[in-house]
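In what follows, a structure is listed as structure tokens, so that the remarks can point back to it.
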Amino acid sequence: MKRVMLTVAYDGTSYHGWQIQPNGETVEGVLNRCLSALLGEKIEVTGASRTDAGVHAMGNVAVFDTESPIPADKISYALNRSLPEDIRIQKSQEVDRDFHPRHCPSHKTYEYRIYCAPFPMPIKRFYSYFTYVPLDVCLMSQGAQYLTGTHDFKSFCSVQTQAETTVRQIDSIEILESRTGGDIVIRVTGRGFLYNMVRIIAGTLMEVGRGHIPPEEVETILAAKDRQAAGPTAPACGLTLIKIEYIIE
């Protein structure tokens, strides 16, 4: 028996999120089916991040145990032949049997993409949030600085969360703007995130960029520990899990 880790990229547009749901297709469900057929045994993967419906990933991580003689690094090649085109394994490798993708310390990087222009661009509609209202990137950057470090992010968490604690650590937040204009990226790296946390951060910083919330008020929102104090939850289509880097301690 060996434990295999997969680095998984997917376009989340057609899926009801990562985690298996009774009412729709999910990334986890597709992986379980295709791996079970490939390896001839029942396989159930464990994912590092349970992304929501419509959220994308370039580097989510999943592990599974198998008795298959296929070398771990070759499983990616074989599995990609049976996966749909909107899911692809970027890497497969053997890891220690006690490795758990959610329990081992890691840095996760998410990007929220915004397309700001007078009119929508059709080819961007599944991968960024469109707004015709101009956003002040400098104001957004000023507001973002209050969120770095270790804080109670209850104001930036869905009320449906089942987390034991809402304290999380954000290592960095960058607001990046393309030189040609139009595309804005909110890049967030942290040790872990609450349910809808990055999307609420994005929604709040966009309100700052529109001039509806002063940048310094982000600190007050954080201290309120009240979901109603923060901005709206930004739509899922703009969010992509870029990478997960595990910390060797």
Basic-acidic side-chain contact under 4.0 Å: [X], [Y]:
X	Y	value
Lys91	Asp73	no
Arg187	Glu111	yes
Glu25	Arg33	yes
Asp98	Arg3	no

Taking atom [atom1] of [X] as the centre, report whether more than 12 heavy atoms of other residues, nucleotides or ligands fall under 6.0 Å from it.
X	atom1	answer
Arg168	CZ	yes
Phe99	CZ	yes
Lys108	NZ	yes
Lys225	NZ	no

Hey, what do you get for [atom1] ([X]) to [atom2] ([Y]), rounding to the nearest 0.5 Å?
X	Y	atom1	atom2	value
Phe153	Met197	CZ	CE	4.0 Å
Ile170	His151	CD1	NE2	7.5 Å
Ile20	Thr26	CD1	OG1	5.0 Å

Has [X] got a side-chain atom pairing as donor or acceptor with [Y]'s backbone, closer than 3.5 angstrom?
X	Y	result
His56	Phe126	yes
Glu41	Glu67	yes
Thr204	Gly231	yes
Asp136	Arg210	no
Arg125	Pro122	yes
Arg199	Tyr195	no
Ser36	Lys42	no

List in chain and number order the residues that pass ring pair (Phe, Tyr, Trp, His ring centres under 6.0 Å) with Tyr110, two or more places apart in sequence or in another chain; answer none if no residue qualifies.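 Expected list: Phe193.
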Could you list the donor-acceptor pairs under 3.5 angstrom formed between side-chain atoms of residues 141-150 and any protein atom two or more places apart in sequence or on another chain?
{"from": "Ser141", "atom 1": "OG", "to": "Val137", "atom 2": "O", "distance (Å)": "3.1"}
{"from": "Gln145", "atom 1": "NE2", "to": "Gln142", "atom 2": "O", "distance (Å)": "3.3"}
{"from": "Thr148", "atom 1": "OG1", "to": "Gln145", "atom 2": "O", "distance (Å)": "3.1"}

I'd like to know if the side chain of Thr233 pairs up with that of Arg227 as donor and acceptor (distance under 3.5 Å, no hydrogens or angles considered).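 On atom types as modelled, these side chains qualify, holding a pair under 3.5 Å.
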For the residue pair Asp226 and Ser155, confirm or rule out a side-chain donor-acceptor distance under 3.5 Å.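 Their side chains do not contain a donor-acceptor pair, so the 3.5 Å distance test is not met.
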According to a hydrophobic-cluster definition based on side-chain heavy atoms being under 4.5 Å apart (Ile, Leu, Val, Met, Phe, Trp, Tyr only), do Leu194 and Val198 belong together?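 Yes, it is one cluster - the side chains of Leu194 and Val198 are joined through contacts under 4.5 Å.
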For the hydrophobic clusters of this structure (ILVMFWY residues joined by side-chain heavy atoms under 4.5 Å, transitively), does one cluster hold both Leu35 and Val61?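 No, Leu35 does not connect to Val61 through the hydrophobic network.
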Within-4.5 Å side-chain heavy-atom neighbours: Tyr10 and Val27: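 Yes. Closest side-chain heavy atoms under 4.5 Å.
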With sequence neighbours excluded, tell me which residues meet side-chain hydrogen bond (donor to acceptor under 3.5 Å, both in side chains) with Ser68.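 Result, side-chain hydrogen bond (donor to acceptor under 3.5 Å, both in side chains) vs Ser68: none returned.
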Side chain to side chain contact (heavy atoms under 4.5 Å, CB included) partner of Cys34, chosen from Asn80, Leu83, Ile87: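 That would be Leu83.
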